[in-house]
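Below is one structure, written out as structure tokens, with a few remarks after it.
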Amino acid sequence: MKTSNFHLVTQREVPSDAEIVSHQLMLRTGMIRKLTSGIYTWTPLGLRVLRKVEQVVREEMDAAGCLEMLMPSVQPAELWQETGRWEDFGPLLLKMADRAGREFAFGPTHEEVITEFARGEVRSYKQLPICFYQIQTKFRDEIRPRFGVMRAREFLMKDGYSFHIDDDCLDRFYQVMYRTYSRIFERLELRFKAVTADSGAIGGAVSHEFHVLADSGEDQIAHVPDSGYAANVEQAEAIAQGERAEPTEALRLVDTPNARTIADLVEQFDQPIEKTVKTLVVAASDDIDADFIALLVRGDHELNAIKAEKLPQVATPLRMAGEEEIRAAIGAGPGSLGPIKLPIPCIADRQVALMSDFSAGANTDGKHYFGINWERDLALPDSADLRNVVAGDPAADGSGNLALIRGIEVGHIFQLGRKYSEAMNAVVMDENGRGIHPAMGCYGIGVSRIVAAAIEQNHDDNGIIWPEPMAPFDVVLLPLNAKKSHRVRELADRLYAELGAAGLDVLMDDRPLRPGVMFADAELIGIPHHLVIGDRGLDNGVVEYRRRGAEAREIPIDEIGAWFDRVKTKDALSR
RNA sequence: CGGGGUGUAGCGCAGCCUGGUAGCGCAACUGCUUUGGGAGCAGUAGGUCACAGGUUCGAAUCCUGUCACCCCGACCA
């Protein structure tokens, strides 16, 4: 490709509404253009990258025996009503109606469609196991789209669905997908981590997320650096540490008129934050005879909403009580709540159950109790794992202490079980001629998100540094002053033809621009290999080779042939 | 959904307070010079000032409404 025939429109200035570096660089390089909130056009430059990622994904899925197909993005409401997700998916689902008033959704995922497909097509155990996948545009009406294509409403996703005669087969195939995903991210040369993830509503189901590691990531991962343990903080189990000490302080009621938060309490009364308890009031489930339930967490800990929702006593989705609701139920405002004489049921975090001599609100405005001790001052409530883990906590598997890092979720694999095959009555005949619901797995990869995640992980002040397998071009030729220099033009043309014939994606910058502009653009768009052809080098019989992000070196012109041979095996380029 | 902010040329912004018919930098176009790290000079083109209504002799500017986009929050006791 020659620049003169391409659409290369770079910008020096950073668009004002781009917050993170990948979004800024994708706009500055011209890879994407925003059409409206959370919806982007991929330009020819951006599409080249997207296609390369797609191709790696496709090759590895095919190698694992999966079959590519393409399902409709517009899906009838009835299908979603069959599984109850027409309501459950909520406002994330983009709904629309046709001229006759029939309702449709733009697909955010395809479990319903694939199950509908399978119940018509897959009838016998002899056809199993089977895995279908597609690479397709999805739409989720996100609450707050942000960070460009990182969290867009419309995005490109690879979604795969497998069907199995039994759970053993599903589990074995799941392991194949785990390895396939690892291989995909290895091939894309991304630093990543597979973590155990929230297993959702289906008990016992297994789920892993694949995260590209980057400080700007929206997800937190808890892992033990020297062991294999890694989990999303959403689901990492918090282990209580230590034993409950004997009481040393007397219980006392203290006037705390200006202490409405834990921070106030710590500051004004010199309380160590680890000796304070937060009382969070949430809506109770129908299972218990109360409208609200209190959850106790140590002052420096955070409630984990997903863990809380799993408690049978707590309503799903989790809903925090409003101030007026709290006053009506307890008689005091938020800021003065605590476990003593609490008129509603309560559950303590495991760590809270081990505390002694702690402080908490007195359920009277402007008063707190200090020196509270379980079993002496009040009964020990039920306890559960309610909080997020923090750095230094012991890992649930006992393999060491947790460190927290940030990641961008780019893949998620899941053992669905029979949720959809049962809800939609997909049936296959087993060896005994008996109809059974097949076990299913589903496997997603955020193709467009990978592009942004790769930039987050690989850039410098000059621009993007693409991992080679997803670079829009392998090599860029930069002929300097080609307009005037016949020999520069001639060598550039020759190299362009030969590199192209060797199977490389070559970009030749044939714009009559000053060298600085050409260098800056080549670096901004992140092409891995640069060949600079100028009179100065030709006088010495050399061209200049630069690996993006590394020092330049000279290659004698008469050795370019040998250099080619190494170029042809792309791996050698990076050395 | 709640709070805040911003809409002026492709991009980044000024002008608005104090009303008088729109400007700067980058990008683009033409010509000449320049050519190994985002050139110089001269010239050109591009704007219903988000939209609607109102006030006024006169509105980018003041008032009202609408829309769009961005940020923060929706774990706070």
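Labels below follow one simple rule: chain letters A, B, ... track the order of the sequence lines, proteins then strands, and each chain is numbered from 1.
Between A9(B) and A14(B), the distance separating the two C1' atoms is 14 Å to the nearest Å. To the nearest whole angstrom, the two P atoms, one in G46(B) and one in C41(B), are 23 Å apart. When the C1' atom is used for both G23(B) and C67(B), the distance is 27 Å, rounded to whole Å. Comparing the C1' positions of U21(B) and U56(B) gives a spacing of 15 Å, expressed to the nearest Å. For U34(B) and G40(B), the C1' atoms lie 8 Å apart once the distance is rounded to whole Å. Separation of the P atoms belonging to A74(B) and G15(B) is 34 Å when rounded to the nearest angstrom. As rounded to the nearest Å, A45(B) and U8(B) have P atoms that lie 23 Å from one another. Rounded to whole Å, the separation between the C1' atoms of A22(B) and C49(B) comes to 8 Å.
Each of P145(A) and N388(A) was matched to the nucleotide of RNA chain B holding its nearest heavy atom; the match closer to the 5' end belongs to P145(A). Comparing R12(A) and G322(A) along RNA chain B, the residue whose closest nucleotide (by nearest heavy atom) sits nearer the 5' end is R12(A).
Spacing between atom NE2 of H530(A) and atom C1' of G36(B) amounts to 15 Å, rounded to whole angstrom units. Note: CG (L27(A)) to C1' (C69(B)) measures 14 Å, nearest angstrom. A straight line from CG of L318(A) to P of C75(B) spans 8 Å, rounded to a whole angstrom. One can place CZ of R553(A) at 19 Å from C1' of G36(B), the figure rounded to the nearest angstrom. Per the geometry, CG belonging to L337(A) stands 11 Å off P belonging to A77(B), to the nearest Å. Rounded to an integer number of Å, the gap from CD of E551(A) to P of G36(B) is 20 Å. Between R514(A) atom CZ and C41(B) atom P the separation is 12 Å, expressed in whole Å. For E554(A) and G36(B), the CD to C1' distance is 12 Å, given to the nearest whole Å.
Which of C70(B), G38(B), C75(B) sits closest to the side chain of L303(A) comes down to C75(B). Between A77(B), U35(B), C75(B), one nucleotide has an atom nearer to the side chain of P334(A) than all others, and that is A77(B). In this structure, the nucleotide among G36(B), C72(B), A77(B) sitting nearest to the side chain of R146(A) is C72(B). Here G36(B) is the nucleotide among A77(B), G12(B), G36(B) with the atom lying nearest to any side-chain atom of L480(A).
A donor-acceptor pair under 3.5 Å is formed between the side chain of R153(A) and the backbone N or O of S37(A).
Counting distance only, with no hydrogens placed and no angle test, the side-chain atoms of E544(A) and the base atoms of G36(B) include a donor-acceptor pair under 3.5 Å. Judged by distance alone, with hydrogens and angles left aside, E13(A) brings a side-chain donor or acceptor within reach of the base of G25(B), the pair sitting under 3.5 Å.
T276(A) and Q271(A) share no donor-acceptor pair across their side chains, judged by distance under 3.5 Å alone. Side-chain contact, T256(A) with Q268(A): no donor N or O sits under 3.5 Å from an acceptor N or O. Between the side chains of H529(A) and E468(A), a donor-acceptor pair is found at a separation under 3.5 Å. A donor-acceptor contact under 3.5 angstrom links the side chains of N373(A) and D357(A), judged on distance only.
Within 4.0 Å of A321(A), counting heavy atoms only, lies at least one base atom of the nucleic acid. Within the nucleic acid shown, G361(A) has no heavy atom closer than 4.0 Å to any nucleic acid atom. Residue K34(A) is in sugar-phosphate contact alone, with no base atom involved, counting any heavy-atom pair closer than 4.0 Å across all strands shown. Using a 4.0 Å heavy-atom criterion, one finds that Q11(A) contacts the sugar-phosphate atoms exclusively. Heavy atoms of D521(A) sit under 4.0 angstrom from at least one base atom. Counting any heavy atom pair closer than 4.0 Å across all strands shown, I143(A) reaches a base atom. At a threshold of 4.0 angstrom between heavy atoms, the contacts of V297(A) with the nucleic acid are absent. As judged by a 4.0 angstrom heavy-atom cut-off over every strand, A305(A) is placed among residues making no nucleic acid contact. Within 4.0 Å of V281(A), counting heavy atoms only, lies at least one base atom of the nucleic acid. Among the atoms of the strands shown, base atoms are found under 4.0 Å from some heavy atom of I326(A).
Both distances falling under 3.5 Å, in either a Watson-Crick or a G-U wobble arrangement, place C11(B) opposite G25(B). Across the strands present, G19(B) finds no partner; the criterion is a Watson-Crick or G-U wobble pair with both atom distances under 3.5 angstrom. For U61(B), there is no paired base (Watson-Crick or G-U wobble, both distances below 3.5 Å). Nucleotide A50(B) forms a pair with U66(B), judged by Watson-Crick or G-U wobble geometry with both contacts under 3.5 Å. In this structure G73(B) sits in a base pair with C1(B), meeting the Watson-Crick or G-U test at under 3.5 Å. Across all strands shown, G38(B) forms no Watson-Crick or G-U wobble pair with both distances under 3.5 Å.
In terms of phosphate contacts, S336(A) brings no side-chain nitrogen or oxygen within less than 4.0 Å of OP1 or OP2 of A77(B). Phosphate proximity of C69(B) to T36(A): present, with a side-chain N or O under 4.0 Å from OP1 or OP2. Contact check, R260(A) against A77(B): no side-chain N or O comes under 4.0 Å of OP1 or OP2. At C72(B), one or more side-chain N or O atoms of R144(A) fall inside 4.0 Å of OP1 or OP2 (strictly under the cut-off). Taking side-chain N and O atoms only, T261(A) has no distance below 4.0 Å to OP1 or OP2 of A77(B). Close to A68(B), at under 4.0 Å from its OP1 or OP2, lies no side-chain N or O of S37(A).
Centroid-to-centroid, the aromatic rings of W374(A) and F358(A) come within less than 6.0 Å.
Here the side chains of V352(A) and L386(A) are not in contact, with every heavy-atom distance at 4.5 Å or above.
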Going through the checks in order, is the salt bridge (charged side-chain N to carboxylate O under 4.0 Å, His left out) test met by R387(A) and D349(A)?
CA-CA 7 Å; R387(A) 67 177 177 96; D349(A) 179 62; 3.5 Å; yes
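Under the side chain to side chain contact (heavy atoms under 4.5 Å, CB included) test applied with Q24(A), the options V14(A), T29(A), I455(A) reduce to a single match, V14(A).
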